[in-house]
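Here you go, one structure.
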Amino acid sequence: MKTKVILSISILIPFTMLFLYVWTTATDLIIRDDMYLIKGGFIESYLKGTLTFADLWRPTNCMRILGGALIYIADVKWFSMNLKMITLLNPFLILASALLIYREYRKSLIQKFSPEFIAASYFMITLIIFHIIQWEALINSGSIAFQYPMPFIVASFISLELFLLKGKLKYLPAALILPSLAVLVFGGRLVFVFAPTLGIIFLCYLITRRFHLAKDFWHRALMIVIFLSIIGFLYIYRIDYNDYVQSPQYLESEIFEVFVRPVDALKFILASFGASIIGIDAFFACNYISFNIMVAIGFITVTFYAVALILFFTSHMYERTFLPLFLIIQTFLYLGFMTIGRFGIQSTGLDFGMASRYTCVSLYGVASIVWIFIFIFAQHQPASILTKGTIIAGFSMIFAGLLLTSIAVWNNQPRQKVFFEQLRDIALRLDTATPDELANFAERPDMVRGSLLLLREHKLNVYRNVPAGRK
């Protein structure tokens, strides 16, 4: 009972803080890429009664959003497209991830530490996972697409590991169903790093357990590889065909910018690592934090990652769980792919990789650093002075940076709410809104106008409570 109370406190305090931020800040207004899903998208098809599975399966920005599309249609049907109802799901999706991770966290520590210590120390993990540094992936329309992949990815990893290691048939349904949901329904962008991350973890598992693998393990592994290949092929097949977002063809021509300007590309990705500790809001709020300082912070962060990985293997932590390693590799691959895809865009600067929305993944990597440090620091066998000093420095930098970012994000909240109100005012006087005003929705003015006209016609979103006859 005592352990459950401590665990509840460790989880509910950060969860409540995050939920309050989303509740008081999130908008119900549609903005950004979601405009493509209205006019000419599956929302229009649904409103016209012509919706087909092809509309739901159609890619947007080179990713499938089947799960998100179903959520949007449910919101249209039951809540007249009040998108705040969707954004309020984000804290609960993070909560699901936190509960799944705790299962592995407890397993990694239970042999040496009391349940009360494990539950209390998990507070350090939840402070990171629930941090508002990821505000852009919390309060905007479409933010749920950043949040719903993670609990399914984590659950898939756990289910696959159980089936591979235990070999019992009772684990097979979860090992088939959860990855199917994670890839085909709720995968989002994380799908593109899920497979390579699993491959690296599997290789690490073979290296560390190579003398203890039975023949039936290889049979199960082959079955899982074939199964994942099938659902991966279904996801990727014609992923670039008839995309809702007709993006400029810059990717093919600009991808080589990484190789043409390697120093700038390195600064770009290091800044993105630094932004998972000191967020973009703190960067703009503090005049003494320059971009070069963010690059240095990113380098130090990567150093802490390297130390954590060394400690993970030298302490044999992998004998208890591979999940922290999975989350770290996932972070590196995610930020790496993001750099390849975004660095060469001429309209963005070197600080584009610091965008808040990317931290919804990298936060789990930072949490894994802390997880490994807790595992090492709290062991009965004392660590070296150098190791202890590194761990303490890591704790200090991570939590000081996140505290500074929390202050900056909360201070910026009133301006964020004013901005949303300005967008609402523009939408309500759509007929007289200028192209420059419509551009504030972060999409082409003609696309914004067409989508808002459709919503107004059907009294959805911001127009759901507008009196009859008013335009």
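Worth knowing before you read on, the calculation uses all heavy atoms, side chains too, and leaves out hydrogens, waters and symmetry mates.
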Tell me which donor-acceptor pairs under 3.5 Å the side chains of residues 289-298 have, and how far apart each pair is, sequence neighbours excluded?
{"residue": "S290", "atom": "OG", "partner": "I293", "partner atom": "N", "Å": "3.3"}

* If you look only at pairs with a residue in residues 306-330, which of them pass as a side-chain hydrogen bond (donor to acceptor under 3.5 Å, both in side chains), with sequence neighbours excluded? ->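 Of all non-adjacent pairs touching residues 306-330, those that pass side-chain hydrogen bond (donor to acceptor under 3.5 Å, both in side chains) are E104-T321, Q111-R320, H316-Y318, H316-E319.
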* Provide the full list of salt bridge (charged side-chain N to carboxylate O under 4.0 Å, His left out) pairs with a residue in residues 166-188, sequence neighbours left out, each pair given once. =>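 Checked against salt bridge (charged side-chain N to carboxylate O under 4.0 Å, His left out) - neighbours excluded - no pair reaches residues 166-188.
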* Identify, with sequence neighbours excluded, every residue that meets side-chain contact (heavy atoms from CB on, under 4.5 Å) alongside L386. =>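 In terms of side-chain contact (heavy atoms from CB on, under 4.5 Å), with neighbours along the sequence ignored, L386 is linked to S384, T390.
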* Partners meeting side chain to side chain donor-acceptor pair (under 3.5 Å) with Y102 (sequence neighbours left out) ->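 In terms of side chain to side chain donor-acceptor pair (under 3.5 Å), with neighbours along the sequence ignored, Y102 is linked to no residue.
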Output side-chain donor-acceptor pairs under 3.5 Å for residues 322-329, partner residues at least two apart or in another chain, one line each.
none

* With sequence neighbours left out, which residue pairs that include part of residues 21-35 fulfil the salt bridge (charged side-chain N to carboxylate O under 4.0 Å, His left out) condition? ->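 As it turns out, the salt bridge (charged side-chain N to carboxylate O under 4.0 Å, His left out) pairs with a partner in residues 21-35, which skip direct neighbours, are D28-R424, D28-R464, R32-E136.
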* Residues which pass side chain to side chain donor-acceptor pair (under 3.5 Å) with Q413, listed by chain and number, not counting sequence neighbours ->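 Residues passing side chain to side chain donor-acceptor pair (under 3.5 Å) with Q413: T24, T25.
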* Pairing residues for R189 by the salt bridge (Lys or Arg N to Asp or Glu O under 4.0 Å) criterion, not counting sequence neighbours ->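 R189 satisfies salt bridge (Lys or Arg N to Asp or Glu O under 4.0 Å) with no residue once adjacent residues are dropped.
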* Asked: T301: what forms a side chain to side chain donor-acceptor pair (under 3.5 Å) with it, not counting sequence neighbours?
  ->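 T301: no side chain to side chain donor-acceptor pair (under 3.5 Å) contacts found.
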* All side chain to side chain donor-acceptor pair (under 3.5 Å) counterparts of S406, not counting sequence neighbours ->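 Side chain to side chain donor-acceptor pair (under 3.5 Å) check on S406 returns H131.
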Distance-only criterion, 3.5 Å: show the donor-acceptor pairs between side-chain atoms of residues 80-88 and protein atoms not counting sequence neighbours.
{"residue": "N82", "atom": "OD1", "partner": "K84", "partner atom": "N", "Å": "3.2"}
{"residue": "K84", "atom": "NZ", "partner": "W23", "partner atom": "O", "Å": "2.6"}
{"residue": "T87", "atom": "OG1", "partner": "K84", "partner atom": "O", "Å": "3.0"}

